[in-house]
Every structure is written in C-alpha cells, then in structure tokens.
Q: 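Could you have a look at this structure, given as structure tokens, before my questions?
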Amino acid sequence: MSEEDRKPRRIALNPRQWAAAALVVVALVFILQNLTYVRVEFFLIHTAAPLWLVLLVTLAAGYAIGWFSKRRD
C-alpha cells in the first residue's frame, strides 16, 4: 500500500450541502422543542398529536396545495 492509499480522504461539502445540513440541525432542534401533545379537531375527527407533527402535516398540505395550484404555461 502506498502512502496515498493510507491517507484519510477529506470530504469537501459544497454550499448546498452545508445549507442542507444546517436545515437538518434546525429541524431537529425544532422537533425536540415541540414534543408536547396538542389537541387537534378537524370536522368530526378529534385526536391528540405532537405539535411538531401537526405543523409538519400542515406544511406538507400547504406545499401540496401550492404545487397543484401553480400555473402551467
């Protein structure tokens, strides 16, 4: 084995990967700070769920509505 084969390789992250890693850290902090359960009432459905999950579902629904309603030229 040559000297170059034994050197550990450094992984260089581009700015997009740094931003993704930062968003993962922010998301984990957000989840850990919002573990309390909240009551959710939607028409005839009554349940309790963690606040972070309720917000995530709301975000996904908003994203889906925006994606389906965008103009296609």
Side-chain angles (χ1 to χ4, degrees):
M1 239 184 204
S2 69
E3 184 68 28
E4 289 181 15
D5 292 336
R6 285 188 234 148
K7 287 184 181 178
R9 291 187 179 177
R10 291 192 61 191
I11 298 173
L13 298 177
N14 63 32
R16 186 178 240 174
Q17 291 170 325
W18 278 108
L23 285 175
V24 167
V25 170
V26 169
L28 287 174
V29 170
F30 177 80
I31 289 171
L32 292 173
Q33 289 183 343
N34 291 289
L35 292 176
T36 58
Y37 276 70
V38 294
R39 183 176 171 155
V40 179
E41 298 179 19
F42 185 71
F43 294 114
L44 299 175
I45 301 170
H46 305 280
T47 188
L51 179 59
W52 68 268
L53 183 60
V54 173
L55 293 173
L56 181 66
V57 169
T58 304
L59 175 71
Y63 179 80
I65 291 168
W67 189 78
F68 284 119
S69 65
K70 69 180 176 183
R71 295 179 79 194
R72 291 181 174 80
D73 294 339

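Numbers for residues simply follow the sequence, beginning at 1.
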Q: Salt bridge (charged side-chain N to carboxylate O under 4.0 Å, His left out): which pairs involve residues 47-60, sequence neighbours left out?
A: none

Q: Should side-chain heavy atoms under 4.5 Å link Ile, Leu, Val, Met, Phe, Trp and Tyr, which residues sit in the same cluster as Phe43?
A: Phe42

Q: Could you pull out all donor-acceptor pairs under 3.5 Å where a side-chain atom in residues 50-63 meets a protein atom, sequence neighbours excluded?
A:
residue: Thr58; atom: OG1; partner: Val54; partner atom: O; Å: 2.8

Q: More than 12 foreign heavy atoms under 6.0 Å from CZ of Phe30: is that the case here?
A: yes

Q: Name each donor-acceptor pair under 3.5 Å that joins a side chain in residues 12-28 to protein atoms two or more places apart or in another chain, with its distance.
A:
residue: Asn14; atom: OD1; partner: Arg16; partner atom: N; Å: 3.1
residue: Asn14; atom: OD1; partner: Gln17; partner atom: N; Å: 2.8
residue: Gln17; atom: OE1; partner: Asn14; partner atom: N; Å: 3.0
residue: Trp18; atom: NE1; partner: Leu13; partner atom: O; Å: 3.4

Q: Can you name the side chain to side chain donor-acceptor pair (under 3.5 Å) partners of Gln33, sequence neighbours left out?
A: none

Q: Quick one: which residue pairs count as a salt bridge (charged side-chain N to carboxylate O under 4.0 Å, His left out) with a foot in residues 24-38, not counting sequence neighbours?
A: none

Q: If you look only at pairs with a residue in residues 19-33, which of them pass as a salt bridge (charged side-chain N to carboxylate O under 4.0 Å, His left out), with sequence neighbours excluded?
A: none

Q: Among pairs that include at least one residue of residues 42-66, which meet salt bridge (charged side-chain N to carboxylate O under 4.0 Å, His left out), considering only residues two or more places apart or in two chains?
A: none

Q: Going by the side-chain hydrogen bond (donor to acceptor under 3.5 Å, both in side chains) test, which pairs reach into residues 38-47, not counting sequence neighbours?
A: Arg39-Glu41

